[in-house]
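What follows is a short report on a single structure.
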Protein chains: 2
Amino acid sequence: MVTLYDVARQAGVSTATVSRVVHGQDRVRDSTRLRVNQVIEQLGYVPDGAAQSLSRRRKEIIGFVCVESHSRQYDVENMNLLYYDEVMRGVGAGISDRGWSLLITYVNGEDERDFPRLQALTGKVDGILIGQSVVPSPLLARLAERVPVVVIAGAPGDSAADVVTADNRSGSAALVTHLIEVHGRRRLFHVDGPAGVADAKERRLGMERVLRAHPDCTLIGSYQGQFSVQSGEEAGQSMLAQHGSALPDAVVCGNDQMAIGVLQALTAAGIRVPWDMALVGFDDIYPGGLSEPPLTTVHQPMRLLGERACIRLLDRIARPGLRRRVEVLPTELVLRSSCGCPPGTVTREPVKPVRGSRLTSRAGSASADPARQSGLPRPRPSRARTS
Amino acid sequence: MVTLYDVARQAGVSTATVSRVVHGQDRVRDSTRLRVNQVIEQLGYVPDGAAQSLSRRRKEIIGFVCVESHSRQYDVENMNLLYYDEVMRGVGAGISDRGWSLLITYVNGEDERDFPRLQALTGKVDGILIGQSVVPSPLLARLAERVPVVVIAGAPGDSAADVVTADNRSGSAALVTHLIEVHGRRRLFHVDGPAGVADAKERRLGMERVLRAHPDCTLIGSYQGQFSVQSGEEAGQSMLAQHGSALPDAVVCGNDQMAIGVLQALTAAGIRVPWDMALVGFDDIYPGGLSEPPLTTVHQPMRLLGERACIRLLDRIARPGLRRRVEVLPTELVLRSSCGCPPGTVTREPVKPVRGSRLTSRAGSASADPARQSGLPRPRPSRARTS
DNA sequence: CTGTTAGCGCCTTCAA
DNA sequence: TTGAAGGCGCTAACAG
């Protein structure tokens with residue numbers, strides 16, 4: 001392995017000088033720089049990451065925690081994996097510009113067994129990015145004692161760490177408003193997500209807010225699903241059984257998977273969506289656009305979530321004293337035809353934040369890059385060869 | 001930050017002893033071990049990864065290179081991202097059992113600009129995993145000079161590095177054999193992948209081999225596509241234009257995306273698949289099961305590819321002298337109805353290797369874990385607390 | 001502009 | 001069974 005010493009010796013300078021040349025910042029005489037660069041090239045020197053980390057007291061690595069998927073088969077349930085991937089790419093983009101790296105850790109989602117691995121992770125990175133539902137709050141708090149942690153796509157409320165999330169509440173409100181005001185729906189049925197899941201709760205709150213503003217509309221019933229297609233199908237069947245005599249004119253689902261399940265149940269029962277009943281989901285997963293009718297839903301800016309979370313984390317690493325903050329990103333209404341819009345409709349429109357959605361003025365504006373006003377390291381050339 | 005020294009001082013022992021306790025291997029008196037563990041717990045000591053790496057001369061990190069996706073919108077083109085993700089999970093599984101980590105690097109796929117980043121990567125990891133088409137051969141060779149490199153899902157021939165890939169040739173042969181022997185198709189049209197792409201070539205070879213074995217069958221024409229839906233559609237149109245008077249009775253596509261494109265063109269022209277013409281793809285992407293008719297195709301064991309590649313890489317890191325090797329994993333034939341099988345068919349059957357597919361006897365057998373016979377580090381407890 | 005010199009936190013012989 | 005001590009490769013004062 002070629003070290004800084006080898007280069008220094010060969011070039012007849014000190015290691016400090018080589019280091020300066022490698023980082024291209026301090027002033028070095030042009031002739032010296034040239035000579036050193038030649039030797040670097042010739043020897044094929046590449047700095048050792050571990051030594052750099054140790055010496056700088058900064059690893060320039062951030063950890064990203066994923067859930068291990070147990071299913072080996074692709075199906076619609078797994079489609080949100082794509083979103084995971086998209087978030088990760090957002091993070092990747094935000095990070096590699098600055099020359100930092102991304103260290104992936106898979107957890108099983110079983111608190112006990114995950115902890116040692118996550119704890120060890122804190123010794124290998126400068127900060128951690130986590131999907132809300134992946135790591136339970138108490139565990140999160142323990143990690144956050146060691147390194148900065150930013151939670152992606154979670155509840156804007158109850159975490160010990162910074163949060164970057166989408167505006168589920170406003171998205172849901174916009175969706176239900178559309179159903180009521182554009183399509184004149186009045187009798188809604190709600191298929192909720194699992195109890196205690198932040199996203200589900202926010203979406204429910206969004207719907208309820210709209211309902212309160214429209215006293216002529218009623219929620220004729222609801223069903224608690226598990227965010228899975230299967231549970232959506234059960235929800236649909238249950239609804240048909242209980243409200244068969246007086247069906248709702250719209251079904252609002254906590255996510256797209258459940259909406260697809262409901263659609264299956266309705267289709268099996270000979271109910272035609274959207275004529276007999278409108279149906280909407282949330283998340284904008286890919287197969288939602290393929291169903292018959294295509295699903296109206298709400299899109300989250302996954303990639304942006306990743307980028308913002310990354311920026312926030314880097315910022316906090318640079319300035320640990322920062323006040324904890326929640327950033328809520330805007331969503332988009334995706335109109336297709338399951339809501340009653342004409343067949344062939346494919347419209348995306350930005351959702352304006354409702355009050356209480358905690359969407360700050362900063363949050364929506366991509367230009368307000370906190371990194372720009374902080375001590376955060378900016379992108380730098382990996383090796384300056386200016387001669 | 002709590003260091004080994006802090007623990008040593010607090011426990012009244014030397015750092016060497018603490019180190020021994022942390023790794024739970026050397027013999028330490030039980031009472032000492034107990035005391036040290038208590039202090040570790042109390043102080044919340046977590047070893048510093050960079051220092052460990054530097055001291056051990058091994059980082060216990062492997063690099064995984066991904067292509068940055070430029071499109072911001074999900075569509076069928078992006079579905080192979082899912083496979084990427086799946087490969088990565090395979091790698092993750094293989095690696096984290098052993099306590100190693102995965103460092104992700106995104107590249108743009110533009111040789112020039114990618115090189116510095118990849119070169120820097122070699123200083124941060126012990127080995128690199130790469131998708132064949134992602135990094136061009138010459139660049140690969142340069143990286144392989146520095147650290148072990150394993151290429152996933154590529155040509156079993158021309159690389160400077162180890163390769164773990166799927167048996168494209170046999171899969172394709174099985175598919176075409178099915179078309180001919182089960183469904184009696186005789187006049188084939190081929191939609192090829194891009195020139196120079198290894199997968200495409202292997203698949204073509206598989207088809208040609210079968211054709212040679214069936215002199216009564218003819219390849220009436222072919223079209224070179226780009227692996228995209230768009231190019232598939234063009235292929236379909238071109239085929240209709242050129243062979244409109246005497247259509248083929250089956251179209252064999254280099255991948256599922258192109259098959260979907262062809263299907264669109266055929267449907268638009270009023271041709272009914274599979275009655276008028278059979279159609280098959282390759283890869284088994286998710287939307288292929290959703291089309292009308294559902295697509296018959298070949299499935300690659302992505303997750304297994306990841307796992308095997310990972311094992312291979314770890315093995316090579318442990319024993320750098322190893323002979324270069326290509327491992328070819330078996331595929332599965334996925335029978336749905338676009339080939340002529342009855343509607344509702346969903347069958348998966350293993351593909352037997354054809355001669356020349358370079359599928360070694362070892363390769364197919366998951367039990368032949370090279371790690372087991374080598375100096376490869378086995379999983380170890382992250383911290384022994386046996387008292 | 002350039003060189004000297006302490007470390008960074010941990011592992012690992014070598015002695016005791 | 002334990003301790004002492006010398007690196008691992010690089011960075012960053014501090015001097016010149």
Side-chain angles (χ1 to χ4, degrees), chain A residues 1-36 40 43-61 99 120 122-126 146 377 380 382-384 386-387, chain B residues 1-36 40 43-61 99 120 122-126 146 377 380 382-383 386:
Chain A
M1 178 194 204
V2 183
T3 73
L4 208 58
Y5 283 93
D6 300 322
V7 176
R9 187 168 355 99
Q10 182 87 3
V13 296
S14 73
T15 59
T17 297
V18 179
S19 181
R20 287 180 189 117
V21 171
V22 168
H23 298 106
Q25 17 204 19
D26 280 298
R27 348 163 224 289
V28 176
R29 188 188 300 153
D30 277 358
S31 62
T32 310
R33 179 190 307 283
L34 192 62
R35 184 154 35 95
V36 171
I40 286 176
L43 264 42
Y45 168 71
V46 174
D48 181 82
Q52 288 183 312
S53 297
L54 187 57
S55 181
R56 293 183 180 142
R57 280 80 173 304
R58 225 203 298 135
K59 301 176 178 66
E60 306 203 340
I61 299 178
T122 65
K124 302 182 199 295
V125 300
D126 296 320
R146 306 186 167 287
R380 56 165 196 223
S382 66
R383 183 179 299 170
T386 329
S387 53
Chain B
M1 180 194 201
V2 183
T3 73
L4 209 57
Y5 281 94
D6 300 323
V7 176
R9 188 167 355 99
Q10 182 85 6
V13 297
S14 73
T15 58
T17 297
V18 179
S19 181
R20 288 178 187 119
V21 171
V22 168
H23 297 107
Q25 19 202 20
D26 280 297
R27 357 163 215 285
V28 175
R29 189 186 298 151
D30 277 358
S31 61
T32 310
R33 179 190 306 283
L34 192 62
R35 184 154 35 93
V36 170
I40 286 176
L43 263 41
Y45 168 72
V46 175
D48 181 83
Q52 287 183 314
S53 298
L54 186 56
S55 180
R56 292 182 180 144
R57 282 79 172 306
R58 222 203 300 134
K59 300 176 178 65
E60 307 204 339
I61 299 178
T122 65
K124 302 184 201 292
V125 301
D126 296 320
R146 307 187 167 287
R380 56 165 196 222
S382 66
R383 182 179 300 169
T386 328

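Values below: every heavy atom of this structure, side chains too, minus hydrogens, waters and symmetry copies. In what follows, chains carry the letters A, B, and so on, assigned in the order in which the sequence lines appear, proteins first and then strands, with residues in each chain numbered from 1.
Between the CZ atom of B:R33 and the P atom of D:dT1 there is a distance of 9 Å, rounded to whole Å. Taking atom CZ of A:R58 as the reference point, atom C1' of D:dG9 lies 18 Å away to the nearest angstrom. Taking atom NZ of B:K124 as the reference point, atom P of D:dC8 lies 21 Å away to the nearest angstrom.
Among residue pairs with one or both ends in residues 9-20 of chain B, those qualifying as salt bridge (charged side-chain N to carboxylate O under 4.0 Å, His left out) are B:D6-B:R9; sequence neighbours excluded.
A distance of 13.0 Å separates NZ in B:K59 from NZ in A:K124, rounded to the nearest 0.5 Å.
For A:S53 (side chain) and A:G49 (main-chain N/O), a donor-acceptor pair under 3.5 Å exists by modelled atom type.
In terms of heavy atoms, A:A50 sits closest to B:L54 at CB-N, 3.9 Å. Considering every non-hydrogen atom in both B:V36 and B:V13, the closest pair reads CG2-CG2, 4.0 Å. When all heavy atoms of B:T15 and B:L4 are compared, the closest pair comes out as O-CD2, 3.9 Å.
At the heavy-atom level, B:S53 lies nowhere under 4.0 Å from the strands shown.
Remark: B:T17 is in phosphate contact with D:dG3, judged by side-chain N or O atoms under 4.0 Å from OP1 or OP2.
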Readout for nucleotides 6-11 of chain C: B = base within 4.0 Å of protein heavy atom, S = sugar-phosphate only, - = neither; 5' to 3' it is -BBBBB
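Here the side chains of A:V22 and A:I40 are in contact, with some heavy-atom distance below 4.5 Å.
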Protein-nucleotides 14-16 of chain C N/O pairs under 3.5 Å:
none

Side chain to side chain contact (heavy atoms under 4.5 Å, CB included) evaluation trace for A:T3 with A:D48: CA-CA 8 Å; A:T3 73; A:D48 181 82; over 6 Å; no
